[in-house]
Amino acid sequence: MNAATDATDGTGRERIVREGPIVTAVTRISAPVEDVWRVLVAFDEYAQWHPVLSLDAKPEQVVAGAEVQGRRSGADTGRQDVTMRIIDVRAPHRLVWEGGSLDAILGRHSFVLTAQPDGTTELTDSEEFHGAAVAELIPALGRLREEHPRYGAALQARVEGLSGWRGR
């Protein structure tokens, strides 16, 4: 068993239990949680707004255990095919997926949507890294932390542009 894991999660996969490096960004979106959720799970529309990710799944396919194919593109990586497994779905408040491998680097990405008293939504977007090669990621963490907020900003622009929400 890998040093970053312990036991299984009930599906035969090893369960991550130790914390690895994490990147988190918090974004306030001027729209209700349900509006943000609809855009977040419309994977087939990511290419229209996400800066580096396009996914091949319809919203009804966003269920725990599903594997989602997609592409990641960026100046430093070129184009990469990716496969992500959806780990947790608690509509309309929490979505978690993971991709990669504990033999190299596994990223667990979570989105938490929290309704605010003024009707807006707080998005907490985090990615935690695990695996045998995670130490190789440490030098890039500063850059990842600088880039990570742009994903929430892109979601914010998409949701607010579609909803036309002006507050209460």
Side-chain angles (χ1 to χ4, degrees), residues 9 11 13 16 20-100 105-130 137 140-141 143-168:
D9 65 1
T11 65
R13 290 190 339 265
I16 297 172
I22 191 165
V23 177
T24 299
V26 177
T27 305
R28 183 67 66 97
I29 301 174
S30 295
V33 167
E34 294 78 11
D35 289 359
V36 179
W37 181 260
R38 274 192 291 280
V39 173
L40 184 63
V41 299
F43 285 1
D44 58 332
E45 295 180 10
Y46 268 47
Q48 296 175 27
W49 63 268
H50 198 284
V52 299
L53 194 60
S54 60
L55 301 172
D56 302 328
K58 300 276 187 203
E60 58 272 12
Q61 296 170 298
V62 180
V63 296
E67 288 194 358
V68 176
Q69 304 298 313
R71 283 145 312 285
R72 186 182 192 293
S73 58
D76 58 338
T77 61
R79 181 180 168 195
Q80 297 176 311
D81 290 333
V82 296
T83 300
M84 297 173 306
R85 179 184 310 272
I86 299 173
I87 301 302
D88 189 18
V89 179
R90 296 184 209 163
H93 298 286
R94 181 175 166 82
L95 173 65
V96 181
W97 69 53
E98 66 182 20
I105 296 175
L106 181 133
R108 181 167 282 186
H109 202 126
S110 65
F111 305 88
V112 177
L113 305 177
T114 306
Q116 300 300 300
D118 63 358
T120 63
T121 299
E122 182 179 270
L123 163 68
T124 303
D125 178 1
S126 300
E127 187 155 13
E128 189 170 358
F129 301 95
H130 303 274
L137 184 65
L141 279 178
R143 182 179 49 80
L144 290 173
R145 286 190 175 110
E146 288 174 12
E147 291 178 1
H148 204 72
R150 73 184 180 138
Y151 309 137
L155 177 63
Q156 174 190 32
R158 176 70 172 181
V159 171
E160 291 176 1
L162 291 173
S163 73
W165 194 82
R166 302 283 181 241
R168 296 178 194 239

*Asks:* Would you find a donor on one side and an acceptor on the other, under 3.5 Å apart, between the side chain of E160 and the backbone of S30?
*Replies:* yes
*Asks:* Flag the pair F129 / L144 as yes when at least one side-chain heavy-atom distance between them is below 4.5 Å, and no otherwise.
*Replies:* yes
*Asks:* Can E147 and R143 be counted as an ion pair, charged N to O under 4.0 angstrom?
*Replies:* yes
*Asks:* Going by atom types only, do Q48 and R158 share a side-chain donor-acceptor pair under 3.5 Å?
*Replies:* yes
*Asks:* Any donor-acceptor pair under 3.5 Å linking the side-chain atoms of R28 with those of T120?
*Replies:* yes
*Asks:* Has the side chain of H93 got a donor or acceptor atom that lies under 3.5 Å from a matching backbone atom of W37?
*Replies:* no
*Asks:* Among L40, V68, I86, L55, whose side-chain contact (heavy atoms from CB on, under 4.5 Å) with V62 holds?
*Replies:* I86
*Asks:* I'd like to know if the side chain of Q116 reaches the main chain of T114, judged simply by a donor and an acceptor atom lying under 3.5 Å from each other, with no hydrogens or angles considered.
*Replies:* yes
*Asks:* I need the single residue from R108, H130, H109 that forms a side-chain hydrogen bond (donor to acceptor under 3.5 Å, both in side chains) with E98. Which is it?
*Replies:* R108
*Asks:* Under 6.0 Å between ring centres, would you say that holds for W97 and F43?
*Replies:* yes
*Asks:* Nearest heavy-atom pair of Q61 and A66: which atoms, and what distance?
*Replies:* O-CB, 3.5 Å
*Asks:* Applying the side-chain hydrogen bond (donor to acceptor under 3.5 Å, both in side chains) criterion to Q69, which one of T83, D81, D56 satisfies it?
*Replies:* T83
*Asks:* State which residue, out of L155, D35, T27, L113, fulfils the side-chain contact (heavy atoms from CB on, under 4.5 Å) condition with T121.
*Replies:* L113
*Asks:* I need the F111 CZ to D125 CG distance, nearest 0.5 Å.
*Replies:* 5.0 Å
*Asks:* Would a distance-only check, ignoring hydrogens and angles, find a side-chain to backbone donor-acceptor pair under 3.5 Å from Y151 to V52?
*Replies:* no
